[in-house]
There are 2 protein chains.
Amino acid sequence: MLRVSKLTDYATVILTHIAHQPDELYAASDITQSTGVALPTVSKVLKLLSKANLLISHRGAKGGYELAKKPNETNVAEVIAAIEGPIGMTECTTSESTCEQESSCEIKGNWNLINRAVYTALEAVTLADMVVPVRQQEVNVVMPMNKEMNELKVEN
Amino acid sequence: MLRVSKLTDYATVILTHIAHQPDELYAASDITQSTGVALPTVSKVLKLLSKANLLISHRGAKGGYELAKKPNETNVAEVIAAIEGPIGMTECTTSESTCEQESSCEIKGNWNLINRAVYTALEAVTLADMVVPVRQQEVNVVMPMNKEMNELKVEN
DNA sequence: TTCATATAGTACTAAAATAGTCCTATATGA
DNA sequence: TCATATAGGACTATTTTAGTACTATATGAA
Ligand code: FES
Ligand code: FES
């Protein structure tokens, strides 16, 4: 279904939460309380985000995490990459050519184009956008990927 | 990594192959030979594509599969949906609200916007585009999702 | 100095999704 | 009537993901 992992979803929830007050320090335990995600899991996500330099960590008593950049400087593409690693829609585009058909493959180049288009879309959405809730009525709940809804065009 | 499944990758390879000569019938065994993908797997993919009305099947001797539409009328979004089901980047957007936080969730609407942006990107690429090989030099091999390559913008 | 608190890193287990295979039923052209 | 081809479903193995646990290290404050 072309989806992001649960951890990535948590990451966006957590980052959005922090982005509401970008200058505070948040401990993992704070975030557990306000998001409802289990502590070990929150902890795991925070570590990943910190390692990817989206958060800055402070150890020790009174420590915690804070945003490394302003909310409008961190985009969804970065968040996904932080949790799931470098993007590439197909195996051939991520792993350095373990594919035996590579030389004769006609569509690798096309997948790369698709990757870029998707990447551009993801890059356009920042934490600052996420902080502003979108009314659910304004958007369609389920992607009509298998329906005829081609008239649905969006400006990202 | 926000990737499509291997089966989806096979599906694009298979459909691209068929799209080269859109008026012929291809049996599963033909496609195995020309693509190198194992027969049971090819068979599985063809069935899925047929069920999703991207291919038309003909049973019996001299049977096989043909494109249901012209190459420029089938897009990548449809192919992905045929193999992986309806799209939705997060669990909350696909499954009909098994999410207990839904009512208080601020970011669901945002994910829907992201979904649409990605969908639009995928929808813009058709089988007709896939048939024309893209020279690999023209595109970057690995998505620089975690690098600073924001200057890379594409018109899909 | 000591200690409670908080993150860092790693290893491990459990669960879920995916990939791949196989078998039986059905349709159809020769 | 028979060889050929898809339809459909069931099943197994593999891989990926999610979640947990444990040890090490840093730090502010009593
Ligand atoms: S490079 Fe691997 S299938 Fe195209
Ligand atoms: S609706 Fe489920 S986390 Fe937002």
Side-chain angles (χ1 to χ4, degrees), chain A residues 1-11 13-14 18 24-33 35-66 68 80 82-86 88-91 94-95 98, chain B residues 1-11 13-14 18 24-33 35-66 68 80 82-86 88-91 94-95 98:
Chain A
M1 313 127 221
L2 189 72
R3 56 165 50 164
V4 296
S5 71
K6 272 194 191 178
L7 289 184
T8 303
D9 199 0
Y10 297 155
V13 173
I14 291 169
I18 295 178
E24 280 190 31
L25 268 189
Y26 292 83
S29 55
D30 300 338
I31 294 175
T32 299
Q33 289 202 309
T35 63
V37 182
L39 177 58
T41 304
V42 166
S43 180
K44 185 177 192 172
V45 170
L46 288 170
K47 284 177 206 169
L48 287 168
L49 293 173
S50 169
K51 198 165 193 175
N53 296 117
L54 300 186
L55 291 176
I56 294 172
S57 67
H58 298 271
R59 287 186 166 198
K62 304 251 172 172
Y65 296 90
E66 64 178 320
I80 296 176
I83 305 295
E84 313 191 18
M89 302 259 293
T90 61
E91 211 160 323
T94 39
S95 51
T98 41
Chain B
M1 315 127 219
L2 189 70
R3 57 166 46 165
V4 296
S5 71
K6 273 194 189 180
L7 288 184
T8 302
D9 198 0
Y10 298 156
V13 173
I14 291 170
I18 294 178
E24 280 189 32
L25 270 186
Y26 293 83
S29 55
D30 300 338
I31 294 175
T32 301
Q33 290 201 309
T35 62
V37 182
L39 178 58
T41 305
V42 166
S43 181
K44 186 176 193 172
V45 171
L46 288 170
K47 284 177 208 168
L48 287 168
L49 293 174
S50 169
K51 199 164 192 175
N53 297 117
L54 300 187
L55 290 176
I56 294 171
S57 66
H58 298 271
R59 287 185 166 199
K62 303 254 170 167
Y65 296 90
E66 65 178 320
I80 295 175
I83 305 295
E84 312 189 20
M89 302 261 291
T90 61
E91 211 161 323
T94 40
S95 50
T98 42

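Worth knowing before you read on, the calculation uses all heavy atoms, side chains too, and leaves out hydrogens, waters and symmetry mates. So you know, we letter chains A, B, ... as the sequences are listed, proteins then strands, and number each from 1. No experiment lies behind these values; they were computed from the predicted model shown.
Computed from coordinates, the A:Leu46 CG to D:dG19 P distance equals 14 Å when rounded to whole Å. One interatomic measurement links the two molecules: CD1 of B:Ile14 to P of C:dA19, which rounds to 13 Å at whole-angstrom precision. In this entry the distance linking CD of B:Glu24 with P of D:dA5 reads 15 Å, nearest Å. In this structure, CD1 of A:Ile56 is placed 12 Å from P of C:dA8, rounded to the nearest angstrom. Put simply, CD on B:Glu66 is 16 Å from P on D:dA5, counting in whole angstrom units. Distance CG (B:Leu48) to P (D:dT6): 14 Å, rounded to an integer number of Å. Between the CG atom of B:Asn53 and the C1' atom of D:dA7 there is a distance of 14 Å, given to the nearest Å.
Residue A:Ser5 has no polar side-chain atom (N or O) positioned under 4.0 Å from OP1 or OP2 of D:dT16. Applying the 4.0 Å criterion to OP1 and OP2 of D:dA5, one finds that B:Ser57 has every side-chain N and O outside that range. For C:dT7, the OP1/OP2 oxygens have no side-chain nitrogen or oxygen of A:Ser50 closer than 4.0 Å. OP1 and OP2 of C:dA6 both lie 4.0 Å or more from every side-chain N or O belonging to A:Tyr26. Distances shorter than 4.0 Å separate none of the side-chain N or O atoms of A:Tyr10 from OP1 or OP2 on D:dT17.
As judged by a 4.0 angstrom heavy-atom cut-off over every strand, B:Leu7 is placed among residues touching the sugar-phosphate backbone only.
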N/O donor to acceptor pairs below 3.5 angstrom from side-chain atoms of residues 41-55 of chain A, sequence neighbours left out:
none

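Counting non-hydrogen atoms of other residues, nucleotides and ligands closer than 6.0 Å to CD of A:Gln33 gives a total of 12 or fewer.
Judged by distance alone, with hydrogens and angles left aside, the side-chain atoms of B:Glu84 form a donor-acceptor pair with the main-chain N or O of B:Ser5 at under 3.5 Å.
Checked against side-chain hydrogen bond (donor to acceptor under 3.5 Å, both in side chains), A:Thr32 has no partners two or more places apart in sequence or in another chain. For B:Glu66, the side-chain hydrogen bond (donor to acceptor under 3.5 Å, both in side chains) test picks out B:His58, with sequence neighbours left out. By the ring-ring contact (aromatic ring centres under 6.0 Å, His included) test, B:Tyr10 is found to be paired with no residue, residues two or more places apart in sequence or in another chain being considered.
Heavy-atom distances to DNA chain D give each of B:Lys51 and B:Gly63 a nearest nucleotide, and the one nearer the 5′ end belongs to B:Gly63.
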Would you tabulate the nitrogen or oxygen pairs shorter than 3.5 Å linking the protein to nucleotides 21-24 of chain C?
residue, atom, partner, partner atom, Å
C:dT21, OP2, B:Thr41, OG1, 3.4

Distances for protein N/O vs nucleotides 26-30 of chain D N/O pairs under 3.5 angstrom?
residue, atom, partner, partner atom, Å
D:dA26, O4', A:Arg59, NH1, 2.8
D:dT27, O2, A:Ala61, N, 3.2

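How far CG of B:Asp30 is from CD1 of B:Ile14: 12.0 Å, rounded to the nearest 0.5 Å.
Here the closest non-hydrogen pair linking A:Gly64 and A:Leu25 is C-CD2, 3.9 Å.
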**Asked** Given pairs defined as Watson-Crick or G-U wobble with both distances under 3.5 Å, what dot-bracket annotation applies to DNA chain C, with ( ) intrastrand, [ ] crossing, | other strand and . unpaired?
**Response** ||||||||||||||||||||||||||||||
